[in-house]
Every structure is written in C-alpha cells, then in structure tokens.
Amino acid sequence: MTTPLRPSFGTGTDQRIAGGELIIDIDALKANYRALARLSAPAVTAGVVKANAYGLGLDVIVPALLSEGCQRFFVAMPDEGIAVRSYAPDAAIFVLSGLYRREVADLYAQHRLTPVLNSPRDVSIWEAHCGAIGHRAPCAVHVDTGMNRLGMTVAEALSLAEENSLTQALDIALVMSHLACADQADHPLNAQQLQSFQQVRAAFPGVESSLANSAAVLFGKDFHHEMTRPGIALYAGLPVDTSDQGVHAPVVTVTARVVQLRTASAGVGVGYGATPLARDSRLAVAAIGYADGYPRALSSADVHLRGVRAAGGFGFLHGRRVPVIGRVTMDLTIFDVTDVGADVQPNDQIELIGPNISIHDVAAAAGTIPYEILTSLGSRFHRRIVGA
Ligand SMILES: *Cc1c(COP(=O)(O)O)cnc(C)c1O
C-alpha cells in the first residue's frame with residue numbers, strides 16, 4: 001500500500017505533488033564551513049544566517065553549523081535571533097540591525113541576544129537597559145569605516161572607547177565593521193577600510209574584532225582579526241575559483257517538474273507575448289515560475305522585458321542544456337527539449353540550479369547575485385535534506 005499524499009501547503013509540500021524540489025546538501029554546507037574555518041584560523045568563524053539562513057531554513061542550517069563547532073551566529077532582525085536561539089541554546093547570537101527602541105532591549109535580554117550597537121543612540125538605549133537590569137549584558141559595536149550603511153563613525157567609536165574605559169558601563173564583546181567592495185579584491189576602499197578599522201580596534205584593547213565577510217576571508221590574515229563572518233560562501237561557495245581551497249561544494253539544487261510536453265511548429269507563438277519559435281520544437285512545460293523565485297529575467301534570449309534584452313535562462317535535463325523558451329510566468333516556465341536525445345516524460349525533473357548549473361551562472365543570467373536568487377526561493381518546493 002502506498003502512503004497517502006500529505007499536502008502541506010507552504011511548509012514543504014509532498015515530493016510527489018510539489019512543482020519542484022529544493023535539495024539542501026548538509027555535507028556540502030559542513031565542508032564549506034570547515035574550509036572557511038581553515039582559511040580563517042586562528043580567527044574563529046561565525047555563521048551568518050540572516051534571512052532564514054539565506055532562504056534555506058534555520059532549522060537545518062543552524063544545527064549543521066553547530067555540529068561543526070560554530071558557536072557565533074549573525075542575524076539581521078531580533079525575531080530571527082529568537083529563532084536561532086531555539087536551535088542554539090549556548091551560542092552567541094549577534095543581531096545586526098540594532099535596537100531601535102527600549103522595549104526591544106528587554107527582548108534581547110530575555111533571549112540572550114547580543115545587540116550590534118550602530119549609533120550613539122543605540123549605545124544610550126543599551127546603557128539605560130543595563131542600568132535598569134543591574135548588570136552589563138554583552139553588546140557589539142559596529143563602526144562604519146566607509147560603507148555609509150550601518151554603524152557609528154570612527155570618531156564616535158573612538159570617544160566611546162575612551163568613555164567606556166572610564167565608566168565600564170558596557171560589556172563590549174565585539175567591535176566590527178563591514179566592507180563595501182569585498183567582491184572586488186583590488187578595490188582601493190578595502191585597504192582604506194582596513195586601515196580605519198585597525199585604528200578603531202586598537203582603541204578597544206582585549207575586545208574581539210571582525211571585518212571579513214565571505215569574500216574577505218580570501219584576502220588573508222590582515223583581514224581576519226579574531227572573527228570572520230562568512231554567509232554566502234557557506235551556501236553557494238564563492239564566485240572566484242576556490243576549489244583548491246575547498247570552498248566550492250554546491251549546497252543547493254533546485255529542480256522543476258515537467259507537467260506537460262507538446263510539439264509546436266516553427267513560427268508559432270509560445271507563452272505570454274507569443275514568442276515565435278525559430279524551429280519545429282518539442283517543449284516541456286515545467287511547474288516553476290517567478291512566484292517560486294525563478295526570476296522573470298530568465299525569460300528566453302529573444303524576449304524583451306522592459307526594454308532590456310534578456311540573456312536567456314536554461315535548465316539541464318538528461319545530460320543536455322535546455323533553454324527557456326518565451327517568458328517565465330508566475331507558475332510555469334517552458335523549456336526547449338528538442339535536442340534532448342532521451343525520451344522526456346511528464347514528472348521528469350529539470351535541474352535549474354545544481355551540479356550542472358551553478359547558482360553564480362543563474363544569477364548572472366538573471367542580472368542579479370546569488371544572494372538574491374537564494375533568498376527569493378519560494379515556499380512551494382518540496383524541501384529535501386541530503387547528507388548529514
Ligand atoms: C550579510 C553580512 C555578512 C555576510 O556577507 P557574505 O557576503 O554573505 O559573506 C557579514 N557581515 C555583515 C555585516 C553582513 O550584513
């Protein structure tokens with residue numbers, strides 16, 4: 001007897017009826033963490049798990065990183081930190097986006113989250129909070145060294161260092177900054193930010209410090225300080241060839257189910273906007289679309305979207321590249337399978353990201369970055385965890 005179908009919309013649909021699969025290879029994730037930790041040593045390697053671990057799920061990613069010895073996590077928002085706490089009872093959890101108001105400080109205390117103080121205003125909120133609870137709960141200090149996003153100025157950090165050395169009002173566990181151009185290794189701002197950061201950390205003797213995201217782990221020891229903070233390299237590797245350093249294992253595979261096959265003649269139109277076919281074609285209609293995070297920008301090379309000529313997405317099926325034909329729609333995308341030798345059948349799964357199609361190539365074809373592809377993946381996939 002077969003197991004009855006268990007539809008569970010939005011929480012990882014039954015594999016037999018889901019439009020596609022999101023497969024997460026936990027062994028690959030762990031291998032990437034180990035490689036980054038090796039490159040970072042003796043600095044410790046934190047795990048950046050904001051945005052639900054870049055869309056992959058805190059429930060699987062946090063326990064896997066913990067099992068590799070990761071004991072420091074970074075999230076963007078307080079409620080993400082609370083979720084991480086439920087999987088990591090003893091880890092340090094840093095919340096990047098600040099405090100914004102006094103009541104939030106109580107929430108931090110309740111879940112032992114470490115706020116990243118981004119401004120003198122954040123500093124006074126946390127000082128008042130520590131005064132009220134009668135002990136100095138740890139905090140981190142974020143210094144803006146040139147990105148002009150989050151963080152206090154270098155001057156503000158230096159005066160905080162001086163003041164706190166007298167008052168000891170704050171227990172500062174970490175001083176951090178973030179690079180604006182780490183994806184361009186030879187950008188002059190990297191060296192400038194490093195120099196400003198060295199000045200700041202010298203003012204906080206005995207306090208751990210951290211500057212490097214994934215890309216900056218490869219910049220070498222000068223950028224590692226006491227802690228590195230990789231995110232994307234855990235999940236997608238790095239866009240540069242780091243296979244010799246072990247940071248390359250593809251963690252994510254995305255596939256889409258073929259729901260209908262059809263043949264159509266040269267010249268007829270396909271999909272919205274009726275993109276004309278260049279040849280007699282065999283077409284596979286797959287149950288994935290922009291509502292699943294498969295970007296409309298991956299519509300076929302001939303489609304004009306808002307005046308921008310798309311580069312054209314493609315999938316991989318039975319050992320062949322299969323191009324997207326026509327427009328990616330909300331729930332469906334059409335692939336040209338004419339050149340696939342094997343017999344394509346309904347229920348076949350077309351690989352869209354995976355061993356044959358890197359997420360970096362998908363992102364480039366869509367005119368975006370792997371971060372956006374990962375964090376946009378929708379809730380209709382069957383999520384399958386392999387490895388571990
Ligand atoms: C997102 C983020 C990171 C991780 O960056 P990756 O490029 O994904 O490695 C590190 N630090 C801060 C402050 C961040 O916002």
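Only a predicted model underlies this, so the values are computations on that prediction, with no experimental measurement involved. Just so you know, ligand 1 is whichever comes first in the structure, and atom 1 is the first atom listed for that ligand.
Taking R136 as the reference, nothing meets the side-chain hydrogen bond (donor to acceptor under 3.5 Å, both in side chains) condition, with sequence neighbours excluded. Residues satisfying the side-chain hydrogen bond (donor to acceptor under 3.5 Å, both in side chains) criterion with D90, sequence neighbours excluded, are absent altogether.
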Distances for all N or O pairs of ligand 1 and the protein under 3.5 Å?
from     : atom 1 : to   : atom 2 : distance (Å)
ligand 1 : 7 (O)  : N213 : ND2    : 3.1
ligand 1 : 7 (O)  : Y371 : OH     : 2.6
ligand 1 : 8 (O)  : Y54  : OH     : 2.6
ligand 1 : 8 (O)  : I232 : N      : 2.8
ligand 1 : 9 (O)  : S214 : N      : 2.8
ligand 1 : 9 (O)  : S214 : OG     : 2.5
ligand 1 : 9 (O)  : G231 : N      : 2.9
ligand 1 : 11 (N) : H178 : ND1    : 3.4
ligand 1 : 11 (N) : R229 : NE     : 3.0
ligand 1 : 11 (N) : R229 : NH2    : 3.2
ligand 1 : 15 (O) : K50  : NZ     : 2.6

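With a 6.0 Å radius and a threshold of 12 heavy atoms from other residues, nucleotides or ligands, Y100 has its OH atom above the threshold.
W126 and Y108 have perpendicular rings, their planes meeting at more than 60° on a 0 to 90° scale where under 30° would count as parallel.
Listed by first then second residue, pairs satisfying salt bridge (charged side-chain N to carboxylate O under 4.0 Å, His left out) with a partner in residues 188-214 read R72-E208, R201-E226, not counting sequence neighbours.
For D122 and H142, the side-chain atoms include no donor-acceptor pair closer than 3.5 Å.
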